[in-house]
A.B. asks: 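Can you read through this structure? Questions will come right after.
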Amino acid sequence: MSNAEEEKTHGSGSDTSSAHQVQIFERPRGWRGVYYHTATQVCLLGFICFMCPGMFNALTGLGGSGQLDATTSANANSAVYSTFAFFAFFSGSVHNVLGPRVCLLLGTWGYSLYIASYLASNINPRTDVFVVVSGAILGVCAALVWTAQGSLMMAYPTEAEKGTYIGYFWAIFNLGGVVGSAVAFGSNFHSMTNGVGNGTYIVFLVLSFTGVILPLFLADPYKMIRTDGTRVTPIRHPSWKTEFVSLFVALRTDPWIVLLFPMFFSSNYFYTWQFNDYNGALFDIRTRGLNNFVYWTAQIFGSFFIGHYVLDSRRFRRRVRAFLGWSIVVVSVFAVHIWSYFYQKNYTRASEPPTAVKMDFNSSQFPSHVWLMIFYGLLDSMWQTTAYWLMGAMSNDPAKLAVFTGFYKCFQSAGSAVVWRLDATQTPYMNIFISTWVLAAAGMICAFPLVYKRVKDYTEIDDEALLNRPNVEKIPGLINKK
């Protein structure tokens, strides 16, 4: 029996053991079959994030969000992730009441407000407080967006498709960063200043407004049928009371998840050094746009490569794929940071003030520097895809995955809030770089025991610890026989 057949026998969608019967439904045909296909809906979800979080990424990737002085941007990002970390814990309960489409509609407008605040800052430099407040509001909105996104993306694929679907989403989502970076590069091509013009912010703003409308075109999640014929039960997050209890249930029944917390914490931590302390510190505005373009383009290839060709490869058992994915990310972490060190040791905040003449893409030093941005993009996408895949390999229970996703977003945002604040207080570049390297290495090292002991070749019923929690929706058709 092949590896793919073995996984299908043990369960590929919402079932977790061949001993448990799952009702099979006929998928719609024709244009309805295309519209209600789980891959179509995940791609549409990707385009929503393309327009909103994608524009946010393009803006952040410019270094200082395209401003001459990066301090306001660093404070705003600290506000974003502080409120994000707090409200992500409660956003699951809001999601229960409102549903994913309404959460996306309410959440996406926060990105438009945030972008508009930078346009206002360009027009009137005395609006720093507005930028920071907009960042705090965006953190609340982002919690709604990413809760809905995680609910749909992790519920739609079968067990054998998780890495591929994550790759689909991540590729389309990062196209937002690619397009936004191309806009910034093109609109500032003849600019020799260190800040972007109003036109760049206006284009970002218009694109983000498009993302506010797109959730209206999402299908009802309760009408979705997976490619294996099993009906989708979207992640139904527990009530606040049950959510508190479920956190402890998840930790008590599956304590291995704690080993991923360092990986979660550092998963966005490295953005500060990459965008503000490398791209923003060394390059002029048009070159920052070009660097940003290649960074997000690399993410498309990195996520699809590791998701489809490694983590979902049919040539190897799931445990083997887990080790391969972990090894690729570890090698990448040390390779790019060793490379980065030889650049970072040559400059400081004092030697590269905001008003200094920055490196242009015509410089002879540029090719080697831009390749570092490309490999950082590959690393980031492989890191995030592997983190999602490892959580998906631990369970198929949507309620349990919701708790894991909550852990992921809370620790991820907490790490980001800390490092953006450090950057705002003018912490030396080298200190931020070393902390980034140490946390990235520690995150992968801590994850190794989980990969070795916890990831199995297929998911078993014992992995579904939250199935019988009150007010937590079960996987359809899964009968817990005693």
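Everything numeric in this text was worked out from a predicted model, so none of it was measured.
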A.B. asks: When you check the side-chain N and O atoms of Y118 and Y114, is any donor under 3.5 Å from an acceptor?
C.D. replies: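 Yes, because at least one side-chain N or O of Y118 sits under 3.5 Å from a partner of the opposite role on Y114.
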A.B. asks: Looking at S266 and G443, would you say the former's side chain and the latter's main chain have a donor-acceptor pair under 3.5 Å?
C.D. replies: no
A.B. asks: Using a 3.5 Å distance criterion without hydrogens, assess whether the side chain of W326 forms a donor-acceptor pair with backbone atoms of M444.
C.D. replies: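 Yes; judged by distance alone, with no hydrogens or angles, the pair exists.
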A.B. asks: What's the verdict on ring pair (Phe, Tyr, Trp, His ring centres under 6.0 Å) for Y165 and Y156, showing C-alpha distance, side-chain angles and the deciding distance?
C.D. replies: CA-CA 8 Å; Y165 274 46; Y156 281 173; 8.2 Å; no
A.B. asks: I'd like to know if the side chain of S121 and the backbone of S117 have a donor-acceptor N/O pair within less than 3.5 Å.
C.D. replies: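 No: the side chain of S121 does not pair with the backbone of S117.
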A.B. asks: Taking Q384 for the side chain and S267 for the main chain, is one N or O donor matched with an acceptor at less than 3.5 Å?
C.D. replies: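 Side chain of Q384 to backbone of S267: a pair is present.
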A.B. asks: So, D360 and R286, do they make that salt bridge, N to O below 4.0 Å?
C.D. replies: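 Result for this pair is yes, salt bridge flagged.
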A.B. asks: For T147 and A143, indicate whether the former's side chain and the latter's backbone hold a donor-acceptor pair under 3.5 Å.
C.D. replies: yes
A.B. asks: Given the rule in the ring pair (Phe, Tyr, Trp, His ring centres under 6.0 Å) test, do F264 and Y408 qualify, once you have shown the distances and angles that lead to the verdict?
C.D. replies: CA-CA 5 Å; F264 296 166; Y408 180 48; 4.9 Å; yes
A.B. asks: Using side-chain heavy atoms (C-beta onward) and a distance below 4.5 Å, is M51 in contact with L214?
C.D. replies: yes
A.B. asks: Dump the intermediate steps for side-chain contact (heavy atoms from CB on, under 4.5 Å) on I48 and V212, then the final yes or no.
C.D. replies: CA-CA 8 Å; I48 294 170; V212 176; over 6 Å; no
A.B. asks: Taking S381 for the side chain and S303 for the main chain, is one N or O donor matched with an acceptor at less than 3.5 Å?
C.D. replies: yes
A.B. asks: With ring pair (Phe, Tyr, Trp, His ring centres under 6.0 Å) as the criterion, how do W273 and Y278 come out once you've worked through the C-alpha distance, each side chain's angles and the decisive distance to 0.1 Å?
C.D. replies: CA-CA 6 Å; W273 186 84; Y278 178 72; 5.3 Å; yes
A.B. asks: When T297 is tested against each of N292, I374, V178 for side-chain contact (heavy atoms from CB on, under 4.5 Å), which residue passes?
C.D. replies: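 The side-chain contact (heavy atoms from CB on, under 4.5 Å) with T297 is passed solely by V178 among N292, I374, V178.
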A.B. asks: Whether R349 and D423 form a salt bridge (side-chain N of Lys/Arg under 4.0 Å from carboxylate O of Asp/Glu) is what I want to check.
C.D. replies: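 Yes.
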